[in-house]
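In what follows, chains are A, B, ... by sequence order, proteins preceding strands, each numbered from 1.
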There are 2 protein chains.
Amino acid sequence: MATHSRGIIDRAPSLADTVAVRLREEIVSGRLRPGEKLPTEQQISETYGVSRPTVREAIGRLKHDGLVITRQGAGAFVADPGAVSVFRLDIADFSNREEIRNIVELLMAVEASATEHAAVRRTEADLKAIQTQLDAMQQAIIRGESGVDEDLAFHRAIIEATSNPFFRDMSDFLDRRVRNFIRTARTNTARLAGLTDAVQAEHQAIFNAIERRDAGGARNAAETHLKNAAQRLALYLNP
Amino acid sequence: MATHSRGIIDRAPSLADTVAVRLREEIVSGRLRPGEKLPTEQQISETYGVSRPTVREAIGRLKHDGLVITRQGAGAFVADPGAVSVFRLDIADFSNREEIRNIVELLMAVEASATEHAAVRRTEADLKAIQTQLDAMQQAIIRGESGVDEDLAFHRAIIEATSNPFFRDMSDFLDRRVRNFIRTARTNTARLAGLTDAVQAEHQAIFNAIERRDAGGARNAAETHLKNAAQRLALYLNP
DNA sequence: GATAACCAAGTTGCCTGACAAGTAGGAAAT
DNA sequence: ATTTCCTACTTGTCAGGCAACTTGGTTATC
């Protein structure tokens, strides 16, 4: 977790990045206590041998993440951990098997709960939107396509029905990330053939539970669907 | 969600902040497509009437959030959404009732799943650590204290047993945030008296399920505990 | 004419130096 | 002793400039 990768492409970290990382360490490690004043930009620039604008950029990052607060004329101070209002989910290397497993676990937790809430709170319009995507998926299967996009749209429609923006944004992010990985990881889509019917059956089960406002049923259906999806994902990784 | 607050204290946003927000809007709204090149720093500085360092700071934020990638000599480009590797959870105003409800929902989803996984994966050392915190909580009750810190430590010990850093970091953040809110929201701790025994019974139930490696039982126990906690939280909000 | 080497314009990364705006603590005046 | 004011310090912002790198066209070579 301490590793700070730049995503897919391993670009050389900028000076501001390295300074930001080291300052961040000072804070999370506790060497700089909450409320304590950071060294002045002048001092930091001297200790790290970089210019003040670079230091400003680094501190700007920490400020953006809510770790420090700056007051013009006074200085920069370590924020109270309880008051930090932003959380960063940093998926560094997607090649790491364990990291994928951890992410999928998180995705399952969020998506299963979201489905459960959707079953309770869905409006008629929500239900109709979900059914539309379900039908689109069916059409894609008939056309012999993989239906990855329709699959994603189906889940999005469900998530939308939770009317909880946190669930929406988060599973949006995780979904996109995982599916993007699948798309690039699998070399032949042929392996998917024959599985689509099973996927669709699981989708239907989820839909039915949401339709009859069965919270527990929706959660169970979503969980089995996700568990199966995780197994299918494992297939791509273990040929 | 579009609103971009600076946390608790409403400080005047810096120029870099406002530029960053507007550029972010250009991207998420889709006016700037993935892969597309952003205007040069020079052009941006002219359109917004700010200096180039300020623009650099703004772009640095977007880069930090994984929304754009810059290539020296080439320019700044909108990142592929599927490749964005960082997710920001931005809890703007904690005074908003609906926002709290949404956050608590997310916390419940994560923590219940984490407890379930902990039951399966816990080591003997994990179990011992959890029990230690359970005992500490008991001692706090005997001493007549609220035991908020011990409560937090108990949950942390469980989360630690999941050995999933994403669960750990996330519930760490949410826990701290919610509990911090409780701490500041309640005016009299007396209202808590008499409830601690009930809380401790729920804790015991969670512990027992984890001890016998009962995944479903652990989830159920955690869910009822969280549901009750949410109700107790509602008490603070609706006197 | 096709290919390769090269060059020049453009862009980001980083620096120095400077001034404005705001803060905090002590000095001076009451 | 209290209040006012001032000065040093710190962050916010700007201007200008050079180095490193990319890109596309131009030129030289075969």
Side-chain angles (χ1 to χ4, degrees), chain A residues 4-24 26-27 32 35-79, chain B residues 4-24 26-27 32 34-80:
Chain A
H4 193 78
S5 151
R6 288 278 116 245
I8 303 284
I9 308 158
D10 241 318
R11 301 194 52 73
S14 70
L15 276 181
D17 275 325
T18 59
V19 173
V21 168
R22 295 189 54 179
L23 284 178
R24 182 186 300 270
E26 296 272 326
I27 294 174
L32 281 170
E36 199 169 342
K37 188 175 166 305
L38 267 69
T40 68
E41 298 180 350
Q42 187 70 39
Q43 288 172 319
I44 296 176
S45 84
E46 281 167 11
T47 25
Y48 291 104
V50 296
S51 73
R52 198 164 81 86
T54 303
V55 173
R56 281 190 59 74
E57 209 176 317
I59 291 182
R61 300 242 207 297
L62 303 183
K63 207 166 38 166
H64 187 52
D65 288 349
L67 266 73
V68 308
I69 317 178
T70 60
R71 275 167 38 219
Q72 185 175 169
F77 303 85
V78 180
Chain B
H4 193 80
S5 150
R6 291 275 116 250
I8 304 284
I9 308 156
D10 242 315
R11 300 192 53 72
S14 70
L15 278 183
D17 276 325
T18 60
V19 173
V21 167
R22 296 190 51 181
L23 284 178
R24 183 186 299 271
E26 296 271 328
I27 293 174
L32 280 170
E36 201 170 340
K37 188 177 166 307
L38 268 70
T40 68
E41 297 179 352
Q42 186 71 38
Q43 288 173 321
I44 297 176
S45 83
E46 282 166 10
T47 26
Y48 291 103
V50 297
S51 72
R52 201 163 80 85
T54 303
V55 173
R56 281 190 59 74
E57 213 176 315
I59 291 182
R61 300 241 207 298
L62 303 183
K63 210 166 37 165
H64 186 52
D65 288 350
L67 266 73
V68 308
I69 5 184
T70 59
R71 275 166 37 219
Q72 184 175 172
F77 303 86
V78 180
D80 176 12

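Distance, B/L15 CG to D/dT11 P: 18 Å, rounded to whole Å. Per the geometry, CZ belonging to B/R61 stands 12 Å off C1' belonging to D/dG12, to the nearest Å. The nearest whole Å value for the distance from the CZ atom in B/F77 to the P atom in C/dT12 is 9 Å. Atom CZ of A/R56 is separated from atom C1' of C/dG17 by 15 Å (rounded to the nearest Å). Atom NZ in A/K63 sits about 13 Å away from atom C1' in D/dT10, given to the nearest Å. We find that CD of A/E41 is positioned 15 Å from C1' of C/dG17, with the value rounded to whole Å. With rounding to whole Å, B/I69 atom CD1 is found 14 Å from C/dT12 atom C1'. We find that OH of A/Y48 is positioned 16 Å from P of C/dC14, with the value rounded to whole Å.
Between D/dG12, D/dT10, D/dC14, one nucleotide has an atom nearer to the side chain of A/T40 than all others, and that is D/dT10. Closest approach to the A/Q72 side chain among C/dT23, D/dG12, C/dC15 is made by D/dG12 (side chain taken as heavy atoms from C-beta onward). Side chain of A/S51, nearest nucleotide from D/dT11, C/dT16, C/dA24: C/dT16.
The distance from atom CG of B/D17 to atom NZ of A/K63, rounded to the nearest 0.5 Å, is 6.0 Å. Atoms CD1 and CG, on B/I69 and B/L62 in that order, are 12.5 Å from each other to the nearest 0.5 Å. In this structure, CZ on B/R61 lies 9.0 Å from CD on A/E57, to the nearest 0.5 angstrom.
Comparing A/A74 and B/G75, the nucleotide of DNA chain C nearest to each residue sits closer to the 5' end for B/G75.
In terms of polar N and O atoms assigned as donor or acceptor, the side chain of A/R52 comes within less than 3.5 Å of the base of D/dT13 in a complementary pairing.
Contact annotation: A/T70 side-chain N/O to D/dT10 OP1/OP2 distance is not under 4.0 Å. Residue A/R71 has no polar side-chain atom (N or O) positioned under 4.0 Å from OP1 or OP2 of D/dT10. Neither OP1 nor OP2 of D/dT23 sits under 4.0 Å from any side-chain N or O of B/K37.
What you find for B/A58 and B/V19 is that their closest heavy atoms are CB-CG1, 3.7 Å. Across all non-hydrogen atoms, the minimal contact from B/K37 to B/L32 is O-CD2, 4.4 Å.
Contact annotation for B/I59: no contact, since no heavy-atom pair falls under 4.0 Å across all strands.
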